[in-house]
S.K.: 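Please see the structure below; I have some questions.
In what follows, every heavy atom counts, from backbone to side chain, and hydrogens, waters and symmetry copies are set aside.
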Amino acid sequence: MYRCGLLTPEKEPVPLKSIEVELQVRDHVATVVSTLSYDNKEDKPIEAVFVFPLPGDAAVCHFSATVGQTQIVAEVKEKQQAREEYDDALSSGQQAFLLEESDQSPDIFSLSVGSLPPGERASIRLEYVTELAVQADDGLRFCLPAVLNPRYQPRGSGGPSVEVTSVPASQVPYTLSFSARLSSPRPISKVESSSSLDPLQFLNAEQTQATVKLAAGHKFDRDVELLVYYKDAHQPSAVVEAGQASAEPGSLMGDQVVMVSLYPEFPQAVMSSVASCGEFVFVLDRSGSMDWAVNNTNPEQTRIANARDTLLLLLKSLPMGCYFNIYGFGSTFEYIFPESVEYSEKTMEEALKKVEGMQADLGGTEILQPLKHIYNQPCVPNQPRQLFVFTDGEVWNNKEILHLVKENASSHRCFSFGIGEGASSALINGLAKEGGGHAQFITGADRMQTKVLQSLRFALQPAVVDISVTWDLPKGVSATVLSPPITAIFHGQRSLVYAQLTGQSSEAAEGCVTVKYSLAGHPSQSRVKFSLKAVDTGLTVHRLGARSLIRSLEMQEEENGEKPEEVKKRVVELSVQSGVSSAYTAFVAVNKGNNETIQGPLVRRNVETPGMMMAYSMPKLKKSMCGRAPLSRYQCGIVTGCYKAAEPPQPKQPCKDPFLQLVSLQKASGCWLLDSALAAALGKTSEEVEKPKPAPVSQDVWATVLALIWLHGFKMDIKEEWELLAMKSVSWLRAQNAPCVKECLEAANMLLGCSVQEASLGL
């Protein structure tokens with residue numbers, strides 16, 4: 001696998017020297033400041049174009065450049081106008097800087113540093129704010145994307161592209177430093193990362209403030225991921241942020257903005273119950289990049305192999321009476337059954353045989369067509385459709401995909417999984433957001449199985465319906481909601497609401513927001529009361545609210561088929577007013593303080609892309625240079641990969657993991673059979689397993705008790721992966737009304753060397 005650096009074909013010096021990132025986390029909101037240092041050591045002026053990833057939901061709110069002693073702060077302008085100003089500046093020999101979001105995907109940006117004279121240094125400062133996603137284990141996830149995988153461009157989609165050069169990760173010629181400062185009203189429990197960190201340093205006795213740094217020598221082979229854990233559970237909260245004093249009252253930036261965080265709690269009876277119906281459609285990426293290793297510590301474990309193991313657990317965990325199907329996609333797509341089938345021993349075994357032979361052999365990453373095929377299939381009556389999408393996220397047509405999911409949101413829930421480093425956060429989070437589901441990212445040493453089974457638990461919860469948000473505010477104060485309607489609510493998972501508060505009230509006044517919904521036929525609600533006394537948090541909440549509204553408007557524009565000018569105009573106005581980037585605006589800065597025209601040799605240098613690389617498109621309109629030959633130009637990307645040719649499928653090796661071996665033997669009903677394969681999975685001979693069986697107990701009851709005891713005795717560290725299939729086994733045992741259960745448990749514990757109690761099994 002190749003990574004991207006900034007070397008020219010002639011191995012000449014590269015302008016980008018270092019990236020310094022400072023992260024500030026306040027509770028569940030992050031502010032990120034990146035400083036990129038450029039140094040032109042050549043004897044000619046250069047233009048460097050740097051393509052890099054950012055979190056898909058980031059609100060980019062500041063961009064400036066320092067050249068010598070001069071700082072130039074960029075302004076947000078309509079994108080075409082910004083490009084023309086940039087090109088005009090270069091044409092007239094001035095220095096200029098341009099930062100623009102990709103037209104196709106909000107998690108890709110292009111930074112152009114133009115007319116950097118020989119011997120000159122430039123420092124670029126980029127700032128954005130983002131919310132930290134809540135994980136199933138209550139951790140808060142921050143990801144600094146350091147890996148930019150090539151995005152597959154479907155056949156027939158045109159457009160120019162910015163090329164990136166590939167070098168091994170160890171040869172990336174710029175450095176990365178990363179430090180984080182954490183603060184919260186609650187004590188910080190721990191910080192984990194897939195990258196090497198220096199020890200966490202607490203700044204006060206209460207342990208509510210801390211700093212942590214990335215250890216020296218970071219290799220550009222993974223995203224920098226932080227998981228922040230607080231000692232107390234997440235609590236509903238609201239922050240009212242003061243408006244900008246210089247902004248017009250009644251405008252978004254002039255009024256107060258409130259950010260409400262809700263963490264609905266479902267009754268235990270609902271949480272412990274599991275739906276016995278549903279249509280489960282699993283959509284697996286089988287493009288060439290799925291043959292890459294999940295992480296560098298275990299290069300033998302590929303993404304596709306991990307996905308096969310995960311599908312085994314999913315199929316064993318499904319409830320009897322549900323329906324299911326499995327799709328694989330690449331440049332084309334395949335399915336196991338022409339339509340979803342009822343879950344039974346016969347259909348489960350047929351599916352598992354097909355899953356065993358699945359390889360990363362379907363070419364590119366075209367997810368749109370299989371999704372269209374699924375949505376065109378009629379839903380099974382009384383079986384709520386649940387879509388599980390597994391992909392490494394290397395697609396180009398994000399907006400088209402998300403528009404399709406949103407169009408069909410009323411007929412299903414979509415659970416998405418980003419596999420490996422560099423998966424598009426815009427795609428993975430967008431699928432879950434528009435499809436009313438939940439998103440998970442599997443990186444580093446994460447077990448895909450654990451995260452996917454967590455999401456299956458969410459999918460088996462009753463769907464929350466009839467969601468409404470009401471505001472109770474003092475007289476003279478009104479709320480204009482900035483965020484899209486809440487479409488999904490899960491137990492303990494955060495729901496965010498942003499609103500602009502217009503009007504005046506006393507500082508002692510209070511407001512209240514109530515989210516009402518129906519859960520399993522019962523009306524429920526979550527309520528948050530908050531003080532209207534505004535705090536000054538540097539317009540962070542305003543920018544996040546503006547970003548939320550901008551994204552909603554951009555999606556609204558897509559829905560109408562064509563691009564209505566009035567919606568685009570509103571997005572541009574909102575983006576310019578708030579200083580937050582959008583698909584239709586860009587940051588531009590021109591150094592007008594230096595009156596000297598930059599002269600230089602008339603050389604243009606295009607950086608080649610070795611290996612088999614998917615084109616990466618970032619359209620940019622270049623005007624003629626008014627008689628001036630183009631600058632020497634570098635085109636760069638932060639870290640990227642290339643597809644390796646698909647190798648012929650290897651014969652499947654026998655499963656050696658005892659856990660997966662045991663799971664593979666379970667029947668669809670939940671029971672196990674007493675045979676030599678079960679004995680081998682338990683590490684025993686057939687005679688050792690059969691001899692202690694109590695006489696009145698049937699063989700399949702005995703086998704099922706043995707399997708449950710083994711799971712509880714030896715695999716409690718991954719209980720989330722087998723909990724659902726074990727619940728199915730317990731239900732099956734209860735239905736047998738088997739005699740001598742206690743005697744069975746004692747004999748099984750004795751045989752396996754365990755001490756599992758009857759209560760632990762749920763019997």
S.K.: How would you list, by chain and number, every residue that makes a side chain to side chain contact (heavy atoms under 4.5 Å, CB included) with Thr502, sequence neighbours excluded?
M.R.: Asp255, Ser478, Gln500

S.K.: So, does Thr585 use its side chain to make a donor-acceptor pair with the main chain of Val572 at under 3.5 Å?
M.R.: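 No.
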
S.K.: Please find the pair of heavy atoms, one from Lys728 and one from Tyr343, that lie closest to each other, and give the distance.
M.R.: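 That closest heavy-atom pairing would be NZ-OH, 2.9 Å.
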
S.K.: Side chains of Tyr375 and His412: any donor to acceptor distance under 3.5 Å?
M.R.: yes

S.K.: Side chain of Ser189, backbone of Tyr230: donor and acceptor closer than 3.5 Å?
M.R.: no

S.K.: Using 30° and 60° as the class limits, which term best fits the ring planes of Tyr335 and Phe333: parallel, tilted or perpendicular?
M.R.: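 Geometry flag for Phe333 against Tyr335: tilted rings.
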
S.K.: For the side chain of Asp137 and the backbone of Gly139, is there at least one donor-acceptor N/O pair under 3.5 Å apart?
M.R.: yes

S.K.: Taking all heavy atoms of Phe266 and all of Phe490, pick out the closest pair and write down the distance.
M.R.: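 So the two residues come closest at CZ-C, 3.9 Å.
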
S.K.: Tell me if a side-chain donor or acceptor on Lys399 pairs with a main-chain N or O of Asp103 at a distance below 3.5 Å.
M.R.: yes

S.K.: How would you list, by chain and number, every residue that makes a salt bridge (charged side-chain N to carboxylate O under 4.0 Å, His left out) with Glu225, sequence neighbours excluded?
M.R.: Arg141

S.K.: What pair of heavy atoms forms the shortest contact from Leu252 to His542, and how long is it?
M.R.: O-CD2, 3.2 Å

S.K.: Could you report the tightest heavy-atom contact between Asp107 and Pro55, atom names first, then the distance?
M.R.: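 So the two residues come closest at CB-C, 4.3 Å.
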
S.K.: Between Asn408 (side chain only) and Leu404 (backbone N and O only), is there a donor and an acceptor less than 3.5 Å apart?
M.R.: yes

S.K.: Name all pairs fulfilling the side-chain hydrogen bond (donor to acceptor under 3.5 Å, both in side chains) condition that reach into residues 377-386, sequence neighbours left out, sorted by first residue then second.
M.R.: Glu279-Arg385, Gln386-Arg413

S.K.: Mind jotting down which residue pairs meet the ring pair (Phe, Tyr, Trp, His ring centres under 6.0 Å) criterion with at least one end in residues 435-455? Sequence neighbours excluded, please.
M.R.: His438-Phe458

S.K.: Any Lys/Arg nitrogen of Asp392 or Arg303 sitting under 4.0 Å from an Asp/Glu carboxylate oxygen of the other?
M.R.: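 A salt bridge is present here (some side-chain N lies under 4.0 Å from a carboxylate O).
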
S.K.: Report the C-alpha separation of Asp446 and Lys451 in whole Å, then their side-chain angles, then the decisive distance to 0.1 Å, and conclude whether the salt bridge (charged side-chain N to carboxylate O under 4.0 Å, His left out) test is met.
M.R.: CA-CA 8 Å; Asp446 291 340; Lys451 293 201 167 187; 3.3 Å; yes

S.K.: Between Asp285 and Thr391, is there a side-chain donor-acceptor contact under 3.5 Å, judged purely by atom types and distance?
M.R.: yes

S.K.: Looking at residues at least two apart in the chain, or sitting in another chain, which of them share a side chain to side chain donor-acceptor pair (under 3.5 Å) with Lys316?
M.R.: none

S.K.: Looking only at heavy atoms, which two atoms of Phe415 and Ser455 are closest? And how far apart?
M.R.: CE2-O, 3.9 Å

S.K.: Go through the structure and list residues passing side chain to side chain donor-acceptor pair (under 3.5 Å) with Asp232, not counting sequence neighbours.
M.R.: none

S.K.: Would you say Tyr498 and Thr480 make side-chain contact, with heavy atoms under 4.5 Å?
M.R.: no

S.K.: So, Ser575 side chain and Val571 main chain: donor-acceptor pair closer than 3.5 Å or not?
M.R.: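 Flag not set: sc Ser575 to bb Val571 has no pair under 3.5 Å.
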
S.K.: Which residues pass the side chain to side chain contact (heavy atoms under 4.5 Å, CB included) test with Thr540, sequence neighbours left out?
M.R.: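 Scan of Thr540 (side chain to side chain contact (heavy atoms under 4.5 Å, CB included), adjacent residues dropped) gives Val29, Thr31, Val129, Glu241, Leu544.
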
S.K.: Return yes if a side-chain donor-acceptor contact under 3.5 Å exists between Ser548 and Ser483, otherwise no.
M.R.: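 No, no side-chain donor-acceptor pair sits under 3.5 Å.
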
S.K.: To the nearest 0.5 Å, what is the distance between CE on Met448 and CG on Leu453?
M.R.: 12.0 Å

S.K.: Counting only heavy atoms not in Glu265 (residues, nucleotides, ligands), do more than 12 fall under 6.0 Å from its CD?
M.R.: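 Yes, because the 6.0 Å sphere around CD of Glu265 holds more than 12 heavy atoms from other groups.
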
S.K.: Hey, is the main chain of Glu342 close enough, under 3.5 Å, to the side chain of Thr347 for a donor-acceptor pair?
M.R.: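 Answer holds: yes.
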
S.K.: Taking side chain as C-beta onward, heavy atoms only, is Asp138 less than 4.5 Å from Tyr229?
M.R.: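 Heavy-atom side-chain distance check fails, nothing below 4.5 Å.
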
S.K.: Does Phe417 reach the side chain of Val389, with side-chain heavy atoms less than 4.5 Å apart?
M.R.: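 No - every pair of side-chain heavy atoms lies 4.5 Å or more apart.
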
S.K.: Please identify each residue that fulfils salt bridge (charged side-chain N to carboxylate O under 4.0 Å, His left out) with Lys516, with sequence neighbours left out.
M.R.: none

S.K.: Checking the side chain of Ser518 only, and the main-chain atoms of Val465 only, is there a donor and an acceptor separated by less than 3.5 Å?
M.R.: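 Such a contact is absent between Ser518 side chain and Val465 backbone.
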
S.K.: Using salt bridge (charged side-chain N to carboxylate O under 4.0 Å, His left out) as the criterion, list what pairs up with Arg286, not counting sequence neighbours.
M.R.: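 For Arg286, the residues satisfying salt bridge (charged side-chain N to carboxylate O under 4.0 Å, His left out) (neighbours in sequence not counted) are Glu334, Asp361.
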
S.K.: Which atom pairs, one a donor and one an acceptor, fall under 3.5 Å between side chains of residues 319-329 and the rest of the protein, sequence neighbours left out?
M.R.:
| unit_1 | atom_1 | unit_2 | atom_2 | d |
| --- | --- | --- | --- | --- |
| Asn325 | OD1 | Phe337 | N | 3.1 |
| Asn325 | ND2 | Phe337 | O | 2.8 |
| Tyr327 | OH | His373 | ND1 | 2.9 |

S.K.: Taking only residues two or more places apart in sequence, or in another chain, which ones meet Arg527 in a salt bridge (charged side-chain N to carboxylate O under 4.0 Å, His left out)?
M.R.: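 With sequence neighbours excluded, Arg527 shows a salt bridge (charged side-chain N to carboxylate O under 4.0 Å, His left out) to no residue whatsoever.
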
S.K.: Can you sort out the partners of Asn429 under side chain to side chain donor-acceptor pair (under 3.5 Å), two or more places apart, ordered by chain and number?
M.R.: none

S.K.: Where do Ala180 and Leu226 come nearest, in terms of heavy atoms and distance?
M.R.: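 Nearest pair, atom of Ala180 first, then Leu226: CB-CD1, 4.0 Å.
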
S.K.: Any ion pair linking Glu192 and Lys190 (charged N to carboxylate O, less than 4.0 Å)?
M.R.: yes

S.K.: Hey, are Arg457 and Glu723 close enough for a salt bridge, meaning a charged N less than 4.0 Å from a carboxylate O?
M.R.: yes

S.K.: Above 12 or not: heavy atoms from other molecules or residues under 6.0 Å from CZ of Arg570?
M.R.: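 Atom CZ in Arg570 is not packed in, count stays at 12 or less.
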
S.K.: Given side chain to side chain donor-acceptor pair (under 3.5 Å), test Glu721 with Thr450 step by step and report yes or no.
M.R.: CA-CA 5 Å; Glu721 297 181 19; Thr450 300; 2.5 Å; yes

